[in-house]
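Read the structure below first, then the notes.
Predicted model only: the values in this text are computed from it and were never measured.
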Amino acid sequence: MTDKQHHIFCKLTQDPIELRELTDFVADPGAGAMTTFIGATRNTNDGRQVIRLEYECYAGMAEKEMVKIAAEVLARWPVIKIAMIHRLGRVDIGEASVAIAVSSGHRHAAFEACHYAINQLKETVPIWKKELYEGGELWIGSQTGMTGSFQKVQEEDRT
Amino acid sequence: MTDKQHHIFCKLTQDPIELRELTDFVADPGAGAMTTFIGATRNTNDGRQVIRLEYECYAGMAEKEMVKIAAEVLARWPVIKIAMIHRLGRVDIGEASVAIAVSSGHRHAAFEACHYAINQLKETVPIWKKELYEGGELWIGSQTGMTGSFQKVQEEDRT
Amino acid sequence: MRIRLRYFASLRERLGRTEEIREVPAGATIETVWEMLKRERPELAAIERSLAFAVAQEYVDKTHPLQDNDELAFIPPVSGGSYD
Amino acid sequence: MRIRLRYFASLRERLGRTEEIREVPAGATIETVWEMLKRERPELAAIERSLAFAVAQEYVDKTHPLQDNDELAFIPPVSGGSYD
C-alpha cells in the first residue's frame, strides 16, 4: 500500500524480506540519513530452543494499522519517507520477520522515528506469531499452549 | 579490519557502499534485532546546491579510531556484532558515505548503540569532506574556503 | 441482525474456526456477543482480560454497538516482529 | 631529531603538501613544531583553536613531547559522515 504522496510503503508478504526494497523506497536526494530496523528469528527464547516461527495476521486491518503508524511518524518527525514490511507464514532462524526503513535530513529524527515505528508495530498491528520449539509450540503474547492449559508468555522487552 | 573474535568489522573504501556487506557480517542466530544507519550525500547544505562530496582520511589512524568506537560499543551494550564502513574519494548526491550495522538480542540496545557509533564517528575519526557546490568548494567542519579567507562552516546537527 | 465473527491465532485454534456468521439481537454490543460465546465455551473467560476487539477493522471497546453485517474481530494479544 | 609531519584536508591544501620531514631540537613538543610552522606561515594562527594533534596515530595534546622518528599529524576539525 503506497500513499498518494509516495512517502509511505507498507507491505505484508509471504516472501523473504529484502532490505534493499525498503532502502530503495526511502532513498531521496534530500535524505542525509537513513535508519533501518530488522527483526529476525532468534534461536532461543525464554530458555526454549526455537525451531521456527509462524506468523499470521488480520489481513486488511494489519496493513491499515501499519499505514497509521507510518502516517503518525511522518506527522511527528521531519521524516521524508518510511517503509515497513512484515513477513507472514513460516520464518526460520536468522530470517527477518519485520523490517522498517526511515529517511530524514537528520539522523536523530531518523533514529527516533524508526525506533518508534517498531515499538508501535509490536503494540498495535494485528499480527501473531506461533513459536515452534524443541518440545512444543506456543502462541507468543498469548495465553494458550498446545496442552490446552492457559499459560502466559510475555514477550521479552528489556527497555 | 576484523578482530579476533569476529565481532567487529571496520573498513574504509573507495568503492560504493553495499549495505548488504554490513548486514551479512552482523547477522547472527542469536540476533533478534539489527539496526543500520546510512549517511548519504544530500543535494543541499546550508543553502548551497551541493554537486558532490570528496572524502579523505588519515589512513591507518581512521581505521584504528573506528575500531575503538566499535570496541566501546561492544563493551557498553549487549551488542553481538558491529560493522562500520566509510567511503573515501568522490561521493555523488544520494550515494552513501557511511554505513553502520549493529546486531543485538534486543532492539533498544541495537538502536542506542548504532546511534552512538555514528555520533562518535563524526566526532573522532580523522576523515574530512570537501563540498563541491554551485559556485565553489569548501572543507566542511573546516576553516578555509577557496578564496583564501578563513571562514567557519558548522556542520548541521539539529539535536 | 447478522454479524461476521473473526477469530485469530490462539483463539482461532481453540475454537477450531477462522470465522462464522451469527444472528444477534438488535441493539447488541460486542459484549453481548462475547457473553454468548462464553456461555458456549466457559473457558474463554480466562482470556477475556487480554482480548481486544475490532469492528470494520478498527479497534473499538466492548461497549461498541453492532450494526447489521458488521465484521467483529476478536484480537488476542498481538505479537508482530521478532523477539527483541 | 627528525619528525614526519602530516597535513590533511584544508591544512594540506593551504600548505600545498601532504607531509614532510623536519629537523627539530631534542626535547621539542608539538607546540614547538607548531610555533615553527606559524613563524613561516603566520596566517596559521587563525586555525590554531580548532586543530587537534596525533602522534603515532593517537590523539595527544600539544604539550606532548616528541621522539626521534615520530609521525606528527595536524588534524583539522573532522567531518566524517554525511550532512545529517
**OP:** Using a cut-off of 6.0 Å, state whether more than 12 heavy atoms not belonging to D:E19 lie near its atom CD.
**Re:** yes
Original post:
In terms of heavy-atom proximity below 4.5 Å to chain D, should B:E54 be classed as side chain, backbone, both, or neither?
Top reply: neither
Original post:
Between the side chain of D:S79 and the main-chain N/O of B:I140, is any donor-acceptor distance below 3.5 Å?
Top reply: yes
Original post:
Is there side-chain contact between D:V78 and B:Y58, with heavy atoms separated by less than 4.5 Å?
Top reply: no
Subject >> Within-4.5 Å side-chain heavy-atom neighbours: D:P77 and B:W128 >> reply: no
Original post:
Would you call D:D84 and B:K122 a salt bridge, using N to O less than 4.0 angstrom?
Top reply: yes
Original post:
Most heavy-atom pairs under 4.5 angstrom with chain D, which of B:V98, B:I118, B:T124, B:L121?
Top reply: B:T124
**OP:** Counting only heavy atoms closer than 4.5 Å, note whether B:V91 contacts chain D via side chain, backbone, both or neither.
**Re:** neither
Original post:
Hey, are the side chains of D:Q57 and B:E65 touching, using non-hydrogen atoms and a 4.5 Å cut-off?
Top reply: no
Original post:
Taking all atoms of both residues into account, what is the closest heavy-atom pair of D:S82 and B:T41, and its distance?
Top reply: CB-N, 4.4 Å
Original post:
Under 4.5 Å between any side-chain heavy atoms of B:P126 and D:I75, yes or no?
Top reply: yes
Original post:
Quick one: does D:Y83's side chain get under 4.5 Å of B:T44's, heavy atoms only?
Top reply: no
Original post:
Nearest heavy-atom pair of D:G81 and B:S97: which atoms, and what distance?
Top reply: C-OG, 3.6 Å
Subject >> Close side-chain approach of D:R14 to B:W139, heavy-atom, < 4.5 Å >> reply: no
Subject >> Side chains of B:M61 and D:E58 in contact at under 4.5 Å (non-hydrogen atoms) >> reply: no
Subject >> Heavy-atom neighbours of B:K68 NZ exceed 12 at 6.0 Å >> reply: yes
Original post:
In terms of heavy-atom proximity below 4.5 Å to chain B, should D:A56 be classed as side chain, backbone, both, or neither?
Top reply: backbone
Original post:
Between B:E56 and D:A9, is there a donor-acceptor pair closer than 3.5 Å when you use the side chain of the first and the backbone of the second?
Top reply: yes
